[in-house]
Participant: 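Have a look at the structure that comes next, please.
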Amino acid sequence: MNRYLIPFLALMLLFLSACQNSETAESPATVQLFAMDTVMELSAYGTNADHALALASDRINELDALLSTNQEGSEVYAANNSQGQPIVLSDDTAVLIQKALSVCAMTNGALDISIYPIVKAWGFTTNSYQVPDAKTLSKLLSLVDYSAISLDPNTNTLTLPKGMEIDLGSIAKGYTGDAVTQLLASNGITSAIINLGGNVQTLGTKPDGSLWNVAIQDPKGDDYLGTVAVADKAVITSGGYQRYFVQDGVTYHHIIDPASGYPANNGLISVTIVSGSGTLGDGLSTSLFVMGLDKAIDFWRTHDGFETVLVGDDGTVYVTEGLKDVFTPSAGVNVQIIEKTQSGQ
Ligand code: AMP
Ligand code: MG
């Protein structure tokens with residue numbers, strides 16, 4: 001089956017769920033496009049919505065052309081072929097790399113945008129999947145170190161050590177979601193929902209003033225494990241089920257633990273972040289997946305700006321307390337609320 005069909009159908013369902021229940025008769029303007037290797041759907045309300053969505057599509061294609069690892073004209077491609085020489089970036093690419101590096105540091109390297117040589121070795125960039133041998137991985141791991149990336153924010157000059165290659169796939173869609181919602185808002189839109197391949201971002205409320213209901217996919221099936229009701233928030237999920245291959249009965253997915261070079265296997269099968277910032281949410285969805293359950297909960301307890309829904313590999317759903325009143329689990333889902341302060345403290 002076409003590898004995009006199931007995610008596409010899932011997106012459509014998710015969108016129906018998000019857009020339904022509007023009490024107004026107004027229907028949204030919508031646009032669908034394929035960019036950043038995924039199906040995207042944008043919906044906006046208001047008289048200027050068609051025009052604003054056309055601008056939003058152009059903006060997405062512009063960012064895709066800058067940030068793609070495999071388009072030869074992209075700035076990321078240029079960086080990855082710069083042979084240790086400095087290159088000057090556009091504001092978008094420089095700002096995104098700057099923000100990504102701050103998430104890499106904040107998560108102590110659970111996110112590492114210099115992971116690209118490892119992602120390539122597993123075949124996730126070409127769909128020619130393979131399990132690299134340990135020696136190859138350990139050699140490539142010596143190239144992975146976000147702290148060796150130099151970016152001068154005054155001149156947008158990026159210098160990567162020779163051999164290092166970066167991959168913004170963990171965070172680019174979140175940045176794009178922020179850029180699109182800002183663009184829609186500056187074109188007079190007050191109510192919109194965009195779905196960038198599972199990264200959902202909302203602008204304002206639904207036209208009737210109610211919250212958007214965004215469904216979170218059950219990582220073990222085709223259903224949803226619940227919904228979150230939000231306004232002005234990004235809802236971003238990372239899961240091993242989103243891209244993987246099976247070899248000799250073992251499943252290998254696309255989220256790599258930079259500590260080992262192997263797919264992260266730390267007790268979580270899905271992480272959803274709810275945040276006012278799509279960039280932060282996307283960076284953290286990948287990071288918390290790598291950290292695993294205990295470290296992810298500790299990280300949430302010690303950092304502000306987001307809430308999370310974590311799914312453990314036994315199917316238990318952990319919901320942080322800020323979402324307690326807005327998360328509605330599907331029937332049969334076992335939910336544990338995580339409090340900011342550990343009991344006994
Ligand atoms: P996401 O779907 O946002 O979790 O991003 C996953 C993508 O980010 C993968 O397909 C890789 O391209 C890239 N990636 C995988 N592991 C990491 C990591 N530990 N740090 C940064 N990027 C990663
Ligand atoms: Mg991410």
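Remember, it's 1-based here, ligands and their atoms both numbered in the order they're listed. Predicted model, so just to flag it, every value in this text is computed and none were measured.
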Participant: Would you say the side chains of Q217 and T237 form a donor-acceptor pair under 3.5 Å?
Facilitator: no
Participant: Is the distance from the Mg ion (ligand 2) to the nearest N/O/S atom of S170 under 2.8 Å?
Facilitator: yes
Participant: What residues form a side-chain contact (heavy atoms from CB on, under 4.5 Å) with F299, not counting sequence neighbours?
Facilitator: M106, T107, L284, L288, M291, H303, F306
Participant: Identify which one of V274, V317, T272 satisfies the side-chain contact (heavy atoms from CB on, under 4.5 Å) criterion when paired with F327.
Facilitator: V317
Participant: Under a 3.5 Å threshold, yes or no: a donor from one side chain and an acceptor from the other, between D91 and N156?
Facilitator: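 A pair is found: one side chain offers a donor N or O, the other an acceptor, under 3.5 Å apart.
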Participant: For the atoms OG1 of T286 and OD1 of D282, give the angle they form at the Mg ion (ligand 2), rounded to 10 degrees.
Facilitator: 170°
Participant: Does anything in residues 139-160 form a salt bridge (charged side-chain N to carboxylate O under 4.0 Å, His left out)? List the pairs, not counting sequence neighbours.
Facilitator: none
Participant: Can you give me a line-by-line list of nitrogen or oxygen pairs between ligand 1 and the protein shorter than 3.5 Å?
Facilitator:
unit_1, atom_1, unit_2, atom_2, d
ligand 1, 3 (O), S170, O, 3.3
ligand 1, 3 (O), D282, OD1, 3.0
ligand 1, 3 (O), T286, OG1, 3.0
ligand 1, 4 (O), S238, OG, 2.6
ligand 1, 4 (O), T286, OG1, 2.7
ligand 1, 8 (O), S170, N, 3.4
ligand 1, 10 (O), H254, ND1, 2.9
ligand 1, 12 (O), D167, OD2, 2.5
ligand 1, 16 (N), I256, N, 3.0
ligand 1, 19 (N), A110, O, 3.1
ligand 1, 19 (N), I256, O, 2.8
ligand 1, 20 (N), D112, N, 3.0
ligand 1, 20 (N), D112, O, 3.4

Participant: May I ask you to check whether S285 and S238 show a side-chain donor-acceptor distance below 3.5 Å?
Facilitator: yes
Participant: Going by side-chain hydrogen bond (donor to acceptor under 3.5 Å, both in side chains), name the pairs with one or both residues in residues 320-329, residues two or more places apart or in two chains.
Facilitator: E307-T320
